[in-house]
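All chains are named by letter (A, B, ...) in the order of the sequence lines, taking the proteins before the strands, and each is independently numbered beginning at 1.
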Protein chains: 2
Amino acid sequence: MGSAKTVGATAGRPRLSGSAGGSPRQEIIREATALFIAKGYAETTMSEIARSAGLRQSSVYYWFARKEHILQALLEENRGSLQVARALEPASEPAAARLYAVLHADAVQLCASPLDFYEFERVARSQPQNFGAFFEDYSELHRLASSIIQQGIDSGELRAVDPEAAATAALSLNEGLQRHYRQPLPGLRTYTADDVSTLSADTTLASLLRVPGKLPGVRTQAAALAAVNSPAES
Amino acid sequence: MGSAKTVGATAGRPRLSGSAGGSPRQEIIREATALFIAKGYAETTMSEIARSAGLRQSSVYYWFARKEHILQALLEENRGSLQVARALEPASEPAAARLYAVLHADAVQLCASPLDFYEFERVARSQPQNFGAFFEDYSELHRLASSIIQQGIDSGELRAVDPEAAATAALSLNEGLQRHYRQPLPGLRTYTADDVSTLSADTTLASLLRVPGKLPGVRTQAAALAAVNSPAES
DNA sequence: CCGCTGTTTCGATAAGCTATAGAAAGTCTC
DNA sequence: GAGACTTTCTATAGCTTATCGAAACAGCGG
């Protein structure tokens, strides 16, 4: 099933609609991604994906045995915010700035992702055996964020809160706010990806900093950290 | 279609499974609610609802022409957190305590609701003409929260942030955290409804208070306010 | 040149879903 | 007891995801 050497174009029965460009697998992922962005995962049918990729509905199943597998493949191409957290958790800069940088990067990634976080989570939950990586990544991010918060408490930068609960709240805020970027509710202001990322990190840090007045400085430090530890140059 | 006087039990063709107890409409809503809580909206089929209510699948459509109408009816029975906001927005108590009370009440309601907020929103968005009330309620809650925040800024209790953005962040945090109460992610701690409500309101107020040390006092004041303005005694 | 094997696509179809249409089986009113 | 009204039923259309086996090609050995 789908051994798919990187053959140019020739093999197997030809398509009714002229043959494709690149590898069918990538083609399907690309078209599916565009449709997911436009309509969401649940509202996109395999027939639409097939039509966009120039295939018949059932032919898509040769490359992806289940609809969720397309999502899974898409996920594997979209890692990134964990790298920032992994790089910054053991670093020696002030914990507040590192936490800000991690949260901001996570929010940016949530906004840039082709799929709403909650839609992702819904599918992942229905297929836990295939989406183990999703939960592992989330749990690792949570652990790293908790650790940075603990460091900040120890150093006196942050208030003495429960680090685990604070990390949960911080990530929840990221997730909740990405929704407002992605699908603005009628009657409410619309936000850019950077708006919500800054709003989220600002809010969390303001709630944790022992001296709230230090927020602007933290923000500046975090921007410098992000420039160095961005996943682009890994 | 479904004029449904509150007749005792007699009218129309009898059911194959012995006749029902109360009004079929209420019966369907009750069984559907239980199923939605157990499995979520999308994963609950009309056949299951019908079976639980002692009807055939198509008979449910006599009472609810579309599946979403069941959800809509369910929504109309579950108002409440808006009442707290309406009562407290014009009140004269300190704004910080009123904001805390509103946010806490909203979070409690999100946790107690039979349906995940995001699942609700998804359906509401697909049927805007039927769920106008949902968006109106949300927008009113947002407006009231913004107003209380503005009052707090004016009185000097709260930092000088953008009230609209702060309200969006506060409600987003409520929504994001209800998810962690409702569907704990594997490997993470589980929270009670009161845990997440307190965590959410604490976090937001900590991020907004000019003097973070006042948080315990605000929390106490808010509890007193909630006791007086709870929707139960309206 | 011809059949064999492997690869990819196709058409047909099963099973489950929401929703509709019309017949059927009662009660109620006169 | 006839006709109207209410409620439930059976049957079915049209959509979805997913499976199955046949069809159409390339490349290879004889």
Summarise protein proximity over nucleotides 15-24 of chain D in one line of letters, 5' to 3': B for base, S for sugar-phosphate only, - for none, counting protein heavy atoms closer than 4.0 Å. -SBBB---BB
Starting at atom [atom1] of [X], determine the distance to atom [atom2] of [N], rounded to an integer number of angstrom.
{"X": "B/R56", "N": "C/dA21", "atom1": "CZ", "atom2": "C1'", "value": "18 Å"}
{"X": "B/R51", "N": "D/dT8", "atom1": "CZ", "atom2": "P", "value": "17 Å"}
{"X": "B/F64", "N": "D/dT8", "atom1": "CZ", "atom2": "P", "value": "12 Å"}
{"X": "A/R25", "N": "C/dT8", "atom1": "CZ", "atom2": "P", "value": "12 Å"}

Is the phosphate of C/dT8 approached by A/S59 (side-chain N or O, under 4.0 Å from OP1 or OP2)?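 The answer is no; no side-chain N or O of A/S59 sits under 4.0 Å from OP1 or OP2.
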Under 4.0 Å: is that the gap between some side-chain N or O of B/R15 and OP1 or OP2 of D/dC9?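 It does not, given that no N or O in the side chain of B/R15 lies less than 4.0 Å from OP1 or OP2 of D/dC9.
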Donor on one side chain, acceptor on other, B/E89 and B/S147, under 3.5 Å: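 Per modelled atom types, B/E89 and B/S147 side chains form a pair under 3.5 Å.
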Do A/Y100 and A/D202 pass the side-chain hydrogen bond (donor to acceptor under 3.5 Å, both in side chains) test, and can you show the C-alpha distance, the side-chain angles, and the key distance before you say yes or no? CA-CA 8 Å; A/Y100 191 106; A/D202 270 23; 2.6 Å; yes
Which class fits the ring pair B/Y138 and A/H180: parallel under 30°, tilted 30 to 60°, perpendicular over 60°?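 Geometry flag for A/H180 against B/Y138: tilted rings.
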Taking the six-membered ring for Trp, are B/Y118 and A/Y118 parallel (under 30°), tilted (30 to 60°) or perpendicular (over 60°)?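 If you compare the ring of B/Y118 with that of A/Y118, the planes turn out parallel.
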side-chain hydrogen bond (donor to acceptor under 3.5 Å, both in side chains) evaluation trace for B/Y191 with B/Y181: CA-CA 5 Å; B/Y191 297 89; B/Y181 156 73; over 6 Å; no
Taking the minimum atom-to-atom distance to the side chain of A/Y62, which one of C/dT9, C/dC10, D/dT8 wins?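 Side chain of A/Y62 sits closest to C/dT9.
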What nucleotide, of D/dT8, C/dT9, D/dT7, holds the atom closest to the side chain of B/L55?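 Selected nucleotide: D/dT8.
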Does B/K67 make a cation-pi contact with B/Y61, if we ask for NZ or CZ under 6.0 Å from the ring centre and within 45° of the axis?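 No, B/K67 does not lie over the aromatic ring of B/Y61.
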